[in-house]
Amino acid sequence: MVVFILLLLVIAVFLYFKHAHGYWKRLGVPQLQPSFPFGDMKNPILRKQNMGDKIKEVYDHARSKNYDYIGLYFFSRKAFLPVNPELIKNILVKDFHHFSDRGIHYDEVNDPLSAHLFSIAGTKWKNLRAKLTPAYSPVKLNGMFNIVRCCAEEMVQLVSEESEKKADIEIKEILARYSTDVIGCCAFGLDCNTMRDPQAEFRLMGKRAFTQTVGDLLKMVVIRSFPSLARLLGFGVFPDNVTSFFRGVVKETIEYREKNNVERKDFMQLLVALKRNGSLEAGSNLNENESDLGKALTMDEAAAQAFIFFLAGFETTSTTTSYSLFEMAKNSAIQKRVRDEILTTLKKYDGKLTYDGLMELKYLDQVIGETLRKYPPAPVFLRVCTERYTVPGTKTTIEKGQTVLIPCLGLQRDPEYFPDPETFDPERFSDDNKGRIVDGTYIPFGAGPRNCFFMRFAMIQAKTALALYLLKFDFSLSGRTQLPLKMETKGIILAPVGGLWIHFKQRA
Ligand code: HEM
């Protein structure tokens with residue numbers, strides 16, 4: 001009897017998947033050949049393939065068949081993958097009101113850190129983004145630049161000392177520490193100096209937030225598949241010790257600054273103002289008709305916005321800076337041209353790296369732009385359909401709740417839009433050439449109202465580090481870097497197996 005029931009159960013599950021895997025076909029949307037039970041992914045439990053690479057593979061397949069879009073399956077879950085840049089632009093920008101959220105789980109009660117700008121939805125997101133927007137003004141960024149430069153100087157000093165002791169240095173780890181210090185200083189108001197103390201609690205907690213144990217993975221399965229049950233059980237996305245550490249840091253800092261009237265030119269100061277007033281410039285950006293726009297942030301809301309610096313800013317900026325160094329280490333002509341530009345610009349500013357000087361470094365901008373093309377830190381990103389949508393010029397409809405994947409890596413390495421895509425060529429972004437880039441094909445920071453909120457800050461952080469490296473060192477690629485680069489299969493970010501090793505030589 002038990003065997004019979006089990007057999008029925010297996011048949012029922014199989015038939016369920018068979019039906020689920022026919023969804024796109026029934027709609028007339030092209031699909032691959034999903035297999036039971038994983039769908040279109042190669043065993044996602046063993047993580048045999050990087051998600052970015054997989055989506056690029058599907059993108060390339062769809063392009064080879066001249067499709068404008070294709071349907072995918074992850075187990076029984078469906079995803080829509082637009083391939084045509086015009087359609088992608090419509091989804092991200094023109095028809096944004098149909099795709100205004102990401103459909104990421106957050107739970108303000110059990111897991112307050114999960115309710116940050118990246119995950120929250122609807123009016124709440126719109127109001128919070130409007131509230132935080134003044135954080136973005138050139139004056140505020142200029143204020144933060146000095147903090148960033150101090151962290152970069154500390155990093156270059158350490159590399160200088162290390163390079164005297166050993167020939168080659170793995171830069172991804174060093175840049176991860178730099179990112180941690182910038183985030184610690186700018187978002188949490190701490191002087192954590194993980195550059196000199198890699199075991200600092202801030203770094204360890206940050207690392208823990210990015211590491212997934214088997215227990216974490218199982219919790220995520222429940223959270224994704226049964227969000228209401230996860231809420232009932234009080235399951236959080238992050239481990240309890242990580243949540244209480246970051247909440248504690250923000251609480252202590254805000255209370256300290258409020259009690260002692262301490263002011264600093266960092267992001268935390270903006271959160272202190274929002275917690276006090278609900279706006280950064282009294283009376284500005286407020287629209288009385290929008291329910292909670294003028295409301296002050298709670299302590300937990302402030303903590304979640306500081307935490308997003310960690311989640312969204314940590315790996316993205318450090319990998320971009322690492323790949324820029326890697327490409328310049330391989331190409332001494334590009335390296336020399338950027339260095340010459342920096343040296344010429346610095347002469348105008350008494351030999352000092354200033355915010356205004358940094359903004360003038362056009363070729364360095366091109367180098368980072370090309371790095372972001374070849375190695376977009378978010379090779380694929382998401383939207384969820386928030387209002388039923390008919391793909392223009394077709395009868396295909398995307399239903400409310402449907403996940404949409406944006407194939408950033410596929411587009412940016414498509415030879416039709418970027419000829420010879422494997423070649424690193426900053427000239428693609430020169431004044432003469434950048435106008436030729438097809439709209440919707442270059443989207444490393446996303447596009448539309450939900451694009452990367454701190455894109456300019458990320459550029460400042462990367463440019464400052466690169467400028468200081470170029471001033472201090474001549475550098476070349478170490479034989480310890482495994483070529484061609486092979487990407488880690490875990491996670492979404494394109495992280496090279498074995499790291500990136502560079503040989504640094506101090507300039508006279
Ligand atoms: C090179 C570095 C970075 C890259 C390539 C990058 C890329 C992205 C991308 C692709 C998105 C999704 C855009 C979309 O859905 O249209 C995004 C969103 C976001 N990023 Fe970044 N990011 C970077 C650095 C940062 C940093 C340093 C921070 C914070 C300090 C940050 C904060 C955010 C936030 C808050 C969002 C969500 C915005 C919203 O939903 O309103 N990012 N980023």
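All ligand and atom numbering here is 1-based and tracks the order in the structure.
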- Task: Could you pull out every protein residue that has a heavy atom closer than 4.0 Å to ligand 1, ordered by chain and then number?
- Result: R102, L117, F118, W125, R129, I308, F309, A312, G313, T316, T317, T320, L372, P377, A378, F381, R383, P444, F445, G446, A447, R450, N451, C452, F453, F454, A458

- Message: Closer than 4.0 angstrom, basic N to acidic O: yes or no for R149 and E153?
- Response: yes

- Message: Regarding R203 and E173, does a basic nitrogen lie under 4.0 Å from an acidic carboxylate oxygen?
- Response: yes

- Where does the angle between the aromatic ring planes of F188 and F246 fall among parallel (under 30°), tilted (30 to 60°) and perpendicular (over 60°)? tilted

- Message: Can you tell whether the side chains of R247 and E301 come within less than 4.0 Å, N to carboxylate O?
- Response: no

- Query: Is it true that R63 and D68 have a side-chain N and a carboxylate O under 4.0 angstrom from each other?
  - Reply: no

- Short N-O contact, R208 and D216, less than 4.0 angstrom: yes

